[in-house]
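So you know, we letter chains A, B, ... as the sequences are listed, proteins then strands, and number each from 1. Quantities reported herein were computed from a predicted structural model and do not represent experimental measurements.
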Amino acid sequence: MSDVHLLERAADCYRQLGMTDAAARCYRDAGIHRLAGDLFVEMGRFAEAAAEFAHREPDRAAWLLAHHADDAAGARAMLPEPSPSDESQQLRARLVRARCAIAEGAPDTAVLPDLEAARAALARPAFRDPFLEPWAVGLAEAAGREDQVALVYAAAVRGNRYGAAQRWADWMRATLGAELPPIEPPPAVS
Amino acid sequence: MARRLPFGLRLPGRQPQDRDDAQEAAPEPEAQTEAQTEAQPSSAPRSPSGRIREISRPTAAPSPFVAPSDPEPDPLDLPDDELELDELAAPQAPPPVVPIAARFSTAAAALAFAGQLDGPATYGRTREPDAWWVRVSAPLAVSREQVAALRGRTFVEVDGAPVPDRGWGDLPPDPALRVADTAAPAEVGLYTLVRTAGMRRADLPVPEELVVLVPRQEIQRWVARALDLRLTVRWRATTVEPLFAEGVAPDAGIRFELRIGAPTGGLPPSLITALDQAPDTLVCRPVGERLLVQHPLASPLPDPLLAQLAEADRADGRWLLAAPEYGCARLRRAGRFADAAALVTLDDLPMVDLEPGPADDTPDDERPPTARLAVVSSHARGVDVAAVLLDDDELRVLPALLEGRPLAEAALLVRGRDKHLLLPPDTGDRHLLLAPGGLLERLPVGEALECIGPGLLYVPLGQCLQPALPPAGRATLFPPDPGRARVLWYGAVLVFTLDSPRPEPVWTLWAGPLPPVDEQVPRDVTAVLAEVERSVTPPPAPPRRIRQVDAQQRPVVRDPARTWWDDAFDLERAGELAAAARLHEQHGQLLRAAHLYERAFGQGER
């Protein structure tokens with residue numbers, strides 16, 4: 001059993017015991033940064049989570065800093081230059097920059113082009129990015145544009161994303177106190 | 001009609017509307033002062049500086065309050081500085097002293113006024129209105145301002161009766177303005193004022209010397225810390241009694257008095273803060289010989305007067321004035337001041353001869369060690385307790401602590417076998433309480449130990465080795481031995497044998513032997529069994545040659561009393577921490593498993 005595996009086993013034991021802090025420490029020491037970062041997010045320690053994600057997923061780390069840790073400057077510094085061929089990376093970078101701009105006091109209209117691009121991608125079932133929808137929702141909420149939140153969810157439903165209708169209904173209930181009318185399922189792909 | 005009041009205040013009788021007028025018109029003298037001052041001609045100055053200014057102008061009219069000086073030089077012939085010095089040095093008539101009675105709504109204000117006085121004063125109190133009085137003979141102009149600054153009211157005694165001050169000038173008011181008060185002020189001592197006024201938190205500078213009252217269990221800790229900071233500390237015992245109890249036989253407590261001083265620089269504020277936050281510990285500053293005041297509190301009465309008050313107390317002992325959380329006390333010394341460095345042992349310096357020659361016949365075991373491995377304090381946050389070292393007394397309370405708790409299933413006790421040769425002679429037996437995978441619980445008794453490896457090598461929790469040793473160095477100095485647990489103690493290495501006898505489960509401390517077993521079998525069954533035994537028992541066989549069986553070929557008979565805890569402990573002792581962790585994990589002891597996995601990682605086990 002390798003050294004790292006010993007720490008991973010220790011972290012698994014700590015997780016079963018509900019000792020998230022100790023588990024995150026072990027995962028971090030074992031170099032399993034993604035699991036450590038997830039646990040730090042679970043504990044609400046976003047700056048430490050960002051430090052874990054900075055190794056492999058710098059755009060995710062940048063989003064955590066901008067959206068949760070209120071550190072727009074740190075987020076901009078951490079955000080990598082997206083690859084021109086990777087649409088997902090480009091969209092993520094746009095959302096992070098827009099979130100930084102909101103944190104720095106930009107008007108809510110500044111984020112509309114970025115949200116429109118995200119909606120267009122979400123409406124395409126073939127586009128797979130698990131973070132695009134929550135980040136777009138977070139950006140629209142930070143800008144105070146509930147209409148844009150609804151449009152993002154609507155695009156996700158059109159894109160046939162799993163559970164999007166339920167998330168939309170939950171958000172409606174929690175934020176607006178209203179029930180979402182029944183949504184017709186999208187036409188089956190022939 | 002007039003009434004004679006204590007301390008000479010003579011208040012005339014009056015009508016109720018007079019009293020109302022007098023109370024409502026309390027700020028009137030000040031208002032009147034300003035109005036009258038403005039109405040005065042410019043030739044009637046009210047301050048010494050005004051007088052100087054007026055004198056420097058030869059055209060101004062002479063002030064009636066200034067003694068004429070002749071011959072008056074022409075100020076135009078002298079430089080300005082010479083003029084002012086000359087005028088300041090000119091003799092002036094002292095302002096007239098009049099009997100003043102000052103009334104204040106709070107004792108603190110009365111004390112603050114008393115602190116401004118030069119001469120003796122007497123004190124009084126009235127209940128209706130609730131007021132404190134200070135009676136003194138002093139210049140009226142100055143006292144009036146002082147009293148007004150403290151939101152009090154000035155009266156002047158005229159023919160033995162208090163008359164409200166008119167608010168300006170050095171002269172007493174018209175006796176026709178006298179008013180009566182409703183109640184006679186009862187004479188009180190300054191002591192009562194001080195007690196009533198209480199204390200306030202003051203922003204005082206850090207004093208050069210502090211007196212700290214500590215209970216006996218805290219004294220060594222604070223002396224060690226102060227000595228670490230290169231401070232001087234003296235100590236003695238002191239009895240502590242309630243200060244205000246009169247006629248009651250007080251139950252005296254004992255505290256230790258530490259006098260902490262800084263030979264160079266000041267006392268570190270961090271030490272004072274730490275002392276201030278410690279429970280049952282009081283930080284005081286000495287004020288005079290017979291008074292201690294809690295730091296950083298202060299009385300409204302200035303310290304020198306407070307010290308005089310304490311020195312005037314006929315009872316022996318010193319006063320301690322402190323916040324209500326601690327209480328005021330009278331301290332009586334119960335010992336002599338001595339240097340507190342003897343209370344702790346920081347660095348024992350051996351006594352060696354000057355340049356020992358070849359004739360030095362000191363036995364080797366008496367030679368002071370040149371260098372030794374020691375345990376010193378270190379940072380120990382988040383470290384779990386692996387074992388506990390107990391003495392005889394602590395062992396006796398262990399059943400009360402562990403009976404009925406899950407730890408009792410896992411904990412093992414290794415008894416010390418003999419008096420320790422290396423520890424001081426008054427040290428009793430030491431016993432080691434451990435558990436497979438670590439105790440992982442903090443017990444209220446004993447010295448908690450941390451396992452640093454290899455094997456079962458422990459140091460006290462919060463301590464580390466000095467000089468620091470890497471794992472390889474520890475493995476060389478303390479080769480792994482499954483049969484021994486070692487504790488790096490202060491000045492000694494305590495070795496506990498784990499094989500013979502094996503550690504006993506801790507529950508044997510409170511679980512005694514079973515009572516005698518008496519199997520209750522019916523009589524006819526016993527008879528049937530005896531008949532069966534007789535009929536089936538074969539005749540005795542002829543003696544056979546005993547075959548030598550190799551011990552290796554014998555089937556292993558497993559001890560039925562052995563549990564998986566024993567297996568896990570054996571693996572741990574053998575250094576197979578990952579295997580021990582897996583065993584714990586299989587049996588649901590996840591916390592112990594996790595700690596063992598971490599220890600295995602720390603020791604580089606693969």
For [X], does the [atom1] atom have more than 12 heavy-atom neighbours from other residues, nucleotides or ligands under 6.0 Å away?
X: A:R167; atom1: CZ; result: yes
X: A:R34; atom1: CZ; result: no
X: A:R56; atom1: CZ; result: no
X: A:E104; atom1: CD; result: yes
X: B:R502; atom1: CZ; result: yes

Any ion pair linking B:E598 and A:R25 (charged N to carboxylate O, less than 4.0 Å)?
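Yes, charged N to carboxylate O under 4.0 Å.
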
Between SG of A:C26 and OH of B:Y597, what distance do you get to the nearest 0.5 Å?
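That separation rounds to 12.0 Å.
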
Taking atom CZ of A:R9 and atom CG of B:L596, what is their separation to the nearest 0.5 Å?
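The CZ atom of A:R9 sits 12.0 Å away from the CG atom of B:L596.
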
Closest heavy-atom pair and its distance - B:A594, A:A10:
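The answer is O-CB, 3.6 Å.
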
Minimum heavy-atom separation for B:F601 to A:L6, with atom names?
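It is N-CD1, 3.8 Å.
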
Non-hydrogen side-chain atoms of B:H595 and A:Y14 separated by less than 4.5 Å:
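Yes, side chains in contact.
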
